[in-house]
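The structure appears right after this line, and notes come after that.
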Amino acid sequence: MTLKIEHRLGVKAPASIVWEILADVPAWPRWSTLYTRASGVIGFGERLKLEMTLPGQAPQPIEPEIFEWEPHEVIHWKLKSMAGLIENVRFLEVEALSDTGCIFSNGEIYGGLMGPSRTAIKQRSLMRQGFQALGEAMRDRAEALWRERGGGAT
């Protein structure tokens, strides 16, 4: 059994700009309220060092391992906790719709023996809020950068 929490929204900027922002992991805290500290690089098997801050909660350090990435499209990482009883896959995805617009999706798939039930009880609403905030911050940052570079409406 799994549980998926996802936030998707349209971005009025090229997918390449969204990817440029995602690829600069150390800069995430400048625009994201979900990841308040971040270091690492995007690549297979790379470990990121992040501090995840959900609304109204204390920051939580996480060190996910990237197991899938496709430049300009996806970053997937996994986290295990409670001796593997909870196995989560976090995703950040960019889908180009045109030369000047895309969809940004982010979320998490909760698996393992205890993943879906524990999450549904304790964190589902907070995670949804965090993913929404991340999506909106990405949209705002990407659209501002696109305008700064002479694209899009001013």
Side-chain angles (χ1 to χ4, degrees), residues 2-82 84 86-97 99-112 115 119 123-152:
T2 61
L3 169 70
K4 180 179 180 180
I5 300 173
E6 178 179 25
H7 183 263
R8 296 172 49 90
L9 81 166
V11 179
K12 295 178 186 175
S16 61
I17 288 183
V18 173
W19 185 261
E20 176 185 332
I21 295 166
L22 281 178
D24 187 3
V25 175
W28 290 4
R30 285 187 238 148
W31 57 268
S32 169
T33 59
L34 184 59
Y35 299 112
T36 52
R37 287 191 185 174
S39 64
V41 296
I42 305 301
F44 291 111
E46 293 289 340
R47 234 180 231 292
L48 303 178
K49 290 186 178 188
L50 307 173
E51 187 174 82
M52 184 176 73
T53 306
L54 293 172
Q57 300 291 306
Q60 175 186 3
I62 58 173
E63 292 191 22
E65 181 181 342
I66 297 172
F67 71 92
E68 179 180 10
W69 77 287
E70 181 69 35
H72 300 277
E73 292 183 22
V74 302
I75 302 169
H76 294 172
W77 69 63
K78 58 185 166 184
L79 282 170
K80 293 183 181 184
S81 58
M82 295 184 66
I86 299 174
E87 298 178 359
N88 300 343
V89 172
R90 179 79 45 97
F91 57 90
L92 304 164
E93 300 177 345
V94 183
E95 178 185 350
L97 298 176
D99 290 342
T100 59
C102 62
I103 299 288
F104 175 67
S105 304
N106 80 102
E108 194 154 357
I109 300 168
Y110 299 85
T119 300
Q123 289 190 327
R124 188 174 188 170
S125 177
L126 291 175
M127 294 303 290
R128 195 177 305 278
Q129 290 174 44
F131 296 150
Q132 180 178 348
L134 180 69
E136 290 171 356
M138 170 59 79
R139 177 199 61 210
D140 295 348
R141 178 69 189 120
E143 290 177 358
L145 190 56
W146 179 231
R147 282 191 303 274
E148 287 172 19
R149 294 178 179 175

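Count residues from 1 along the sequence.
Between Arg37 atom CZ and Lys49 atom NZ the span is 12.0 Å, to the nearest 0.5 Å. Distance check: His76 NE2 to Lys78 NZ gives 13.0 Å after rounding to the nearest 0.5 Å. Atom CZ of residue Arg141 and atom CD1 of residue Ile17 lie 9.5 Å apart, to the nearest 0.5 angstrom. The distance from the CZ atom of Arg47 to the CD atom of Glu63 is 6.5 Å, given to the nearest 0.5 Å. The CZ atom of Arg8 lies 11.0 Å from the CG atom of Asn106; values are rounded to the nearest 0.5 Å.
Contact check for Glu148 versus Trp146: no side-chain heavy atoms found under the 4.5 Å cut-off. A heavy-atom distance below 4.5 Å is not found between the side chains of Trp19 and Glu73. A heavy-atom distance below 4.5 Å is found between the side chains of Leu134 and Leu92. When side chains are defined from C-beta on, Ile42 counts as touching Ile66, because their heavy atoms get closer than 4.5 Å. Contact of the Phe44 side chain with the Phe67 side chain is not registered, since no non-hydrogen atoms from C-beta on lie closer than 4.5 Å. A 4.5 Å side-chain heavy-atom check between Glu6 and Phe131 finds every atom pair outside the cut-off. Side-chain contact between Thr36 and Trp28 is absent, with no heavy atoms from C-beta onward closer than 4.5 Å. Taking 4.5 Å as the limit, some side-chain heavy atom of Met127 sits within range of a side-chain heavy atom of Tyr110.
The pair Glu143-Lys12 does not count as a salt bridge, with every side-chain nitrogen at least 4.0 angstrom from each carboxylate oxygen.
Across Ile109 and Lys4, no two heavy atoms sit closer than the pair CG1-CG, 4.0 Å. The nearest pair of heavy atoms linking Thr33 to Ala133 is OG1-CB, 3.8 Å. Considering every non-hydrogen atom in both Ser32 and Leu34, the closest pair reads OG-N, 3.1 Å. Counting all heavy atoms, side chain and backbone alike, Ala142 lies closest to Val18 at CB-CG2, 3.8 Å. Closest non-hydrogen pair, Glu46 versus Val41, comes out as CB-O, 3.4 Å. Taking all atoms of both residues into account, the shortest heavy-atom contact from Phe91 to Glu108 is CE2-N, 3.5 Å.
Legend: residues meeting side-chain contact (heavy atoms from CB on, under 4.5 Å) with Pro64, ordered by chain and number and at least two apart, are Leu48, Leu50, Ile62, Trp77, Leu79. The side-chain contact (heavy atoms from CB on, under 4.5 Å) check on Asp24 picks up Pro26, Ala27, with sequence neighbours excluded.
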Before you tell me yes or no, could you show the steps for Cys102 and Glu95 under side chain to side chain contact (heavy atoms under 4.5 Å, CB included), namely the whole-Å CA-CA distance, both residues' side-chain angles and the distance that decides it to 0.1 Å?
CA-CA 5 Å; Cys102 62; Glu95 178 185 350; 5.8 Å; no
Derivation and outcome, side chain to side chain contact (heavy atoms under 4.5 Å, CB included), residues Glu68 and Val89
CA-CA 10 Å; Glu68 179 180 10; Val89 172; over 6 Å; no
Start with the C-alpha distance between Met52 and Gln57, add both sets of side-chain angles, then the distance that settles side chain to side chain contact (heavy atoms under 4.5 Å, CB included), and finish with yes or no.
CA-CA 9 Å; Met52 184 176 73; Gln57 300 291 306; over 6 Å; no
May I have the step-by-step check of side chain to side chain contact (heavy atoms under 4.5 Å, CB included) for Gln129 and Leu54, ending in yes or no?
CA-CA 8 Å; Gln129 290 174 44; Leu54 293 172; over 6 Å; no
Walk me through whether His7 and Glu136 qualify under side chain to side chain donor-acceptor pair (under 3.5 Å).
CA-CA 9 Å; His7 183 263; Glu136 290 171 356; 4.8 Å; no
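No option in Glu93, His72, Met138 other than Met138 meets the side chain to side chain contact (heavy atoms under 4.5 Å, CB included) test with Leu22.
Remark: Arg30 CZ is loosely packed, at most 12 non-hydrogen atoms of other residues, nucleotides or ligands lying under 6.0 Å away.
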